[in-house]
Each structure stands twice: as structure tokens, then as C-alpha cells.
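Okay, structure first, notes after.
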Protein chains: 2
Amino acid sequence: MNEKEFLAAYNKGSFEAPLVTVDAVLFTYQDGQLKVLLVERSNHPEKGKWALPGGFISENEDKTLEDTVTRKLKEKTGVVPPYVEQLGTFGGACRDKRGWSVTICYTALIAHQACESKLETISDVAWLPIEKVKKMHLAFDHLKIINKAHERLIQKALYSIIPAYALPRKFTLPELQQVHEVIIGKPLQKKSFRRRIEQAELLADTGEKRTERGRPATLYSLRAGSGKYTFVRNLEQ
Amino acid sequence: MNEKEFLAAYNKGSFEAPLVTVDAVLFTYQDGQLKVLLVERSNHPEKGKWALPGGFISENEDKTLEDTVTRKLKEKTGVVPPYVEQLGTFGGACRDKRGWSVTICYTALIAHQACESKLETISDVAWLPIEKVKKMHLAFDHLKIINKAHERLIQKALYSIIPAYALPRKFTLPELQQVHEVIIGKPLQKKSFRRRIEQAELLADTGEKRTERGRPATLYSLRAGSGKYTFVRNLEQ
DNA sequence: TTCACTAAGTGTCAGTTGGTCACTTATGGT
DNA sequence: ACCATAAGTGACCAACTGACACTTAGTGAA
């Protein structure tokens with residue numbers, strides 16, 4: 001079938017288009033764990049199972065795919081996460097029993113504190129530790145998607161300071177190192193970590209300190225405009 | 001609109017789903033240049049303009065998105081490229097005048113020799129040098145997509161030997177270096193390049209040599225099973 | 001006020017990697 | 001036999017990274 005034939009069938013409605021959704025793997029750091037935001041499905045198929053937050057494109061409200069994902073995340077968390085990046089698109093004939101489906105997935109990071117109030121008002125949404133999630137049986141192929149998002153996040157933790165977006169605006173270097181360690185799953189050398197971060201010149205010293213047992217730690221924030229230049233070495237993506 | 005309402009509208013046909021296509025940026029190395037395979041559009045919209053090869057998902061023929069992209073590339077080149085990787089998905093309300101559209105894009109590499117015979121039989125398909133393409137006015141947002149694919153390919157040329165897939169099965173290290181240099185757009189140091197490649201242990205010495213002025217060059221081939229382990233350093237993608 | 005405890009942050013050295021460039025090697029042609 | 005040409009290597013230096021001991025700045029108890 002060529003393009004002309006396809007479009008003729010499509011316009012007649014005699015062609016079944018794939019179901020298109022936009023989903024997000026939203027990470028945060030809470031209680032020393034890396035957590036993922038999941039939603040309990042209230043509709044068939046896969047009713048009752050945990051799934052990634054997401055939904056259908058709204059041709060009225062959305063101009064871009066990013067509009068869709070941020071709209072959906074705002075519905076669940078009340079805020080737009082500071083970091084959102086496309087992860088990949090998963091599609092196929094068998095991933096949804098209704099037939100061919102395609103989901104465009106995003107990875108996002110947020111400080112859990114930023115959306116605490118909203119989350120308390122919704123019962124079917126929860127932060128779940130990624131280690132626990134990996135043993136669960138999620139809806140569709142969402143576990144595969146989460147695994148891919150985690151793999152990518154590990155790479156980012158090794159070569160960038162993007163994990164900082166999982167923390168509140170002000171944070172200490174030891175805190176940031178903990179986030180990296182939890183993401184990667186193994187301890188990092190303090191000196192090497194700090195060197196890497198400092199060389200990147202992507203953090204701004206707020207001048208403030210935080211004290212709680214031991215020497216006070218300097219509070220840093222992500223430098224303005226570091227959105228696209230968050231990489232420590234001259235790698236990209 | 002929640003999921004239930006959406007699905008009700010969708011099933012009634014009262015909801016206009018986005019037009020979903022799968023496209024590919026297929027690169028090759030020919031005559032000292034990096035080239036991209038483009039197709040001249042024979043249908044509205046954008047009729048007559050050059051566009052990326054691609055098309056609609058066939059719910060009969062395709063089980064996965066990779067099936068769609070390889071099927072489409074085989075239609076144009078006669079063969080399935082040895083390297084195909086998802087690049088990203090581009091969607092929005094304005095990129096196609098017909099309304100909301102989504103295109104899932106792939107990057108692919110192939111030796112131009114592998115598809116020469118087929119290409120001679122199709123008149124509206126051509127290898128165009130990327131430098132020329134960047135100054136052209138392509139259909140839809142395809143130039144933006146090609147630029148993104150090129151940026152990603154540059155990163156791969158810096159840290160992997162994936163560009164080897166743009167060459168025939170057997171090639172010399174100086175040839176591979178040329179491909180990398182053309183992709184990156186600047187010369188590379190011979191010794192550093194060779195060290196990087198050798199350390200990766202991803203090439204197999206075929207035992208053969210190729211002579212044409214000067215000392216004969218050793219012919220290498222990509223090691224079997226190096227498909228997913230093509231990276232020189234322990235980076236990922 | 002002094003001392004112990006804790007955790008942040010630094011100094012330093014050794015091993016590794018990467019850039020540079022001159023050198024050697026293998027071939028064909030004069 | 002020698003030269004031209006291009007492949008492939010040796011060797012040095014600078015930069016980066018890991019490892020770990022050390023110093024520093026705070027709290028709280030004697």
C-alpha cells in the first residue's frame with residue numbers, strides 16, 4: 001500500500017490507526033532511594049495495575065509532544081518538572097491487546113518536595129522505589145520502559161549533573177553525590193566526584209551553608225541557563 | 001478529557017487521531033562525502049520536495065516499529081541496512097498542514113555499494129551530500145531531523161566505531177578514519193584514532209591487505225556480535 | 001574552654017588516557 | 001638502487017582519574 005492508498009483509506013475511516021499515547025518516567029530522590037511516579041490504572045485494559053503517568057494527545061490543548069507530557073505530569077503532580085527529555089518511542093502490534101499502539105516516552109526529574117501537596121490529594125498516584133518497581137508486574141511494557149530510562153539515567157549520572165534536578169533548588173555536594181550513588185548503584189570517590197562537578201562550572205555557590213553534625217556543607221544551585229549545558233565533559237546527550 | 005472519554009470518542013470515530021509515520025535518515029559514505037538518502041515526494045502535501053524515506057505503519061506487515069522502518073528502507077534500497085537505531089520522535093500540530101502529526105525517526109547506516117543496483121531502477125530516490133542538503137528546503141521538518149541525526153552521528157564518530165557501518169564489510173583503518181573525519185568535519189590524529197579503535201577490540205583483522213600507492217593497508221571487518229557493543233569507551237549511546 | 005566526634009572539603013601522588021609528531025616500514029614506479 | 005607515497009609505530013608530555021590520608025569547621029559533652 002502506498003501513501004496515496006493509505007490516505008484514501010485513512011480519510012474514509014476504513015483504516016485503523018495505531019493508538020498513540022505519551023508517557024513519562026518521572027524520577028525523584030526520597031529517603032535515600034530513587035523513586036518513580038506510578039499511577040494505578042482505573043480503566044481496561046490492565047485495570048488495577050500500576051502504569052506510567054501519561055495519556056493521549058489533546059489536539060486542542062497541545063501544540064507539541066512536550067506540551068502533552070508536561071500537561072499530563074502537571075495533572076498528577078501539580079507542577080511542571082524542571083527536566084524533561086525524550087527517552088524513546090515504543091510501538092508494536094502486541095504491547096496493547098487492543099491492537100497496534102505507539103507510546104512516546106519521556107524521562108523527567110523533579111524534587112519530591114515540589115509536588116507533595118498535590119500528591120496527597122490523589123489516591124491512585126505514588127512514588128515507588130525503583131528497586132521495588134523492578135520486581136513488580138506493571139501494565140503493558142512499562143517495566144521495560146522504566147528499565148531503559150534507568151539505564152540512560154545511570155549514564156547521565158556518570159557524565160553529567162542532570163540528577164541535580166531530582167533535588168530541591170538548593171543542595172549540598174554530598175547530597176548530590178548520594179543521588180548519583182543511588183542512581184548508579186555503587187559508591188563514588190568523593191574527590192573525583194567533586195572535581196568533575198567543579199570543572200563543569202555548572203553550579204553556583206549560594207553563599208549559604210547547611211549544618212547538621214560535622215562541618216557545614218555549602219549549598220549550591222544549578223546555574224541559570226545551564227539547562228542545555230548540563231554536561232560535565234564535552235559529550236552530548 | 002480523561003482516558004475513558006477519549007476512547008469513547010476514538011471508537012466512535014469522532015476523534016481525529018494524529019497521523020503517524022516512520023521515517024529514516026539513512027547515511028552513507030561516497031566519494032569522500034557523507035550522504036543522505038532522500039526521496040522526491042509524489043503526493044501532496046509538499047509535492048515535489050525532497051523528503052526522508054519512510055511511510056505509514058502497516059498493521060498487517062509490521063509487528064514492531066523496526067519492522068516498519070526496515071520495510072520502508074528495503075523498498076527504496078533493496079536491502080536492510082546493517083545499522084538502524086531510533087533517533088527520536090517529532091510531533092506537533094503545525095509540522096504538517098493536514099493537522100497533528102507524529103513521526104518516529106530512525107538513523108541508519110549502509111555501504112552505498114550494497115544498494116547501487118536497486119537505486120538505479122528508481123528515479124525519485126538519490127544520495128545527496130549532507131552539506132548540500134543543509135542548504136536545501138526539504139519537506140516538513142525533515143531538515144531539522146537530519147540535523148539532529150547528524151549531531152548524534154558526530155558524537156558516535158567521536159566515541160564509537162559505528163560509522164564503520166557506512167563502509168563495505170572489509171575496510172582499512174585509514175578509510176574508517178576518513179569516514180570519521182568527514183562526519184565530524186575536522187581532521188583526526190592518526191595515532192590517537194588507531195589507539196581508540198584498537199583498544200575497543202571490535203575489529204577483526206581479515207588477514208588481507210589492500211595496496212594502492214604506498215604501504216599496503218590491512219583490511220578489517222567488524223567483529224561478529226559487535227552489534228550492541230560497538231562503543232569504544234564504556235559509554236552508552 | 002577544651003576535647004572528642006562528625007562530616008565537609010583538600011593535597012598529593014601514581015596510574016591511565018589522549019594529543020602530537022617524528023620515525024620506521026612496505027609497496028610501486030622511475 | 002633510489003624516490004615517492006602512504007601505512008603503521010615509538011616515545012614524550014600534558015591532562016585526567018582514582019585512591020586515600022589529611023585538614024577544617026561545626027556540635028555537644030566534660
With distance as the sole criterion, is a donor-acceptor pair present between the side chains of A/Glu175 and A/Tyr29 under 3.5 Å? no
Is the closest side-chain heavy-atom distance between A/Leu87 and A/Tyr106 below 4.5 Å? no
On DNA chain D, check which nucleotide each of B/Gly214 and B/Thr218 is closest to and give me the residue with the more 5' one. B/Gly214
Passes side-chain contact (heavy atoms from CB on, under 4.5 Å), A/Asp141 versus A/Phe90? Steps please. CA-CA 9 Å; A/Asp141 53 0; A/Phe90 303 81; 4.0 Å; yes
Gap between atoms CZ and C1', on A/Arg210 and D/dT27 respectively (whole Å): 17 Å
Please report the interatomic distance CG(A/Leu37) to CG(A/Leu119), rounded to the nearest 0.5 Å. 6.0 Å
In whole Å, I'd like the distance from the CZ atom of B/Arg215 to the C1' atom of C/dT27. 10 Å
Starting at CD of B/Glu198 and ending at P of C/dT17, how long is that distance when rounded to a whole Å? 14 Å
In residues 166-180 of chain B, which residues come under 4.0 Å of DNA chain C by heavy atom? none
Will you find, in the side chains of B/Lys49 and B/His142, an N or O donor that is under 3.5 Å from an N or O acceptor? no
Does A/Lys144 have more than 12 heavy atoms from other residues, nucleotides or ligands lying within 6.0 Å of its NZ? no
Can a donor-acceptor pair be found between the side chains of B/Thr89 and A/Thr89 at a distance below 3.5 Å? yes
Please determine if A/Lys170 and A/Glu208 form a salt bridge, counting it only when a charged side-chain N lies under 4.0 Å from a carboxylate O. yes
Rounding to an integer number of Å, can you tell me how far B/Asp205 CG sits from D/dG8 C1'? 13 Å
Compare side-chain N and O positions of A/Thr211 against OP1 and OP2 of D/dT27 and report whether any pair is under 4.0 Å apart. no
Looking at the side chain of A/Arg195, which of C/dA8, D/dG18, C/dG18 is the nearest nucleotide? D/dG18
Any side-chain N or O of A/Arg213 less than 4.0 Å from the OP1 or OP2 oxygen of C/dA7? yes
Find the distance A/Tyr220:OH to C/dA8:P and express it as a whole number of Å. 12 Å
In numerical order, the residues of residues 182-194 of chain A whose heavy atoms come under 4.0 Å of DNA chain C are A/Lys190, A/Lys191, A/Arg194
Assess the residue pair A/Leu143 and A/Val133 against the criterion (side-chain contact (heavy atoms from CB on, under 4.5 Å)); give the C-alpha distance rounded to whole Å, side-chain angles, the decisive distance to 0.1 Å, and a yes or no. CA-CA 8 Å; A/Leu143 185 55; A/Val133 168; 4.2 Å; yes
May I have the distance from B/Lys209 (atom NZ) to C/dG28 (atom P), rounded to whole angstrom? 13 Å
Distance in angstrom units between A/Arg196 CZ and D/dG18 P, rounded: 8 Å
With the side chain defined as heavy atoms from C-beta on, A/Pro216 is closest, among D/dG8, D/dG26, C/dA8, to D/dG26
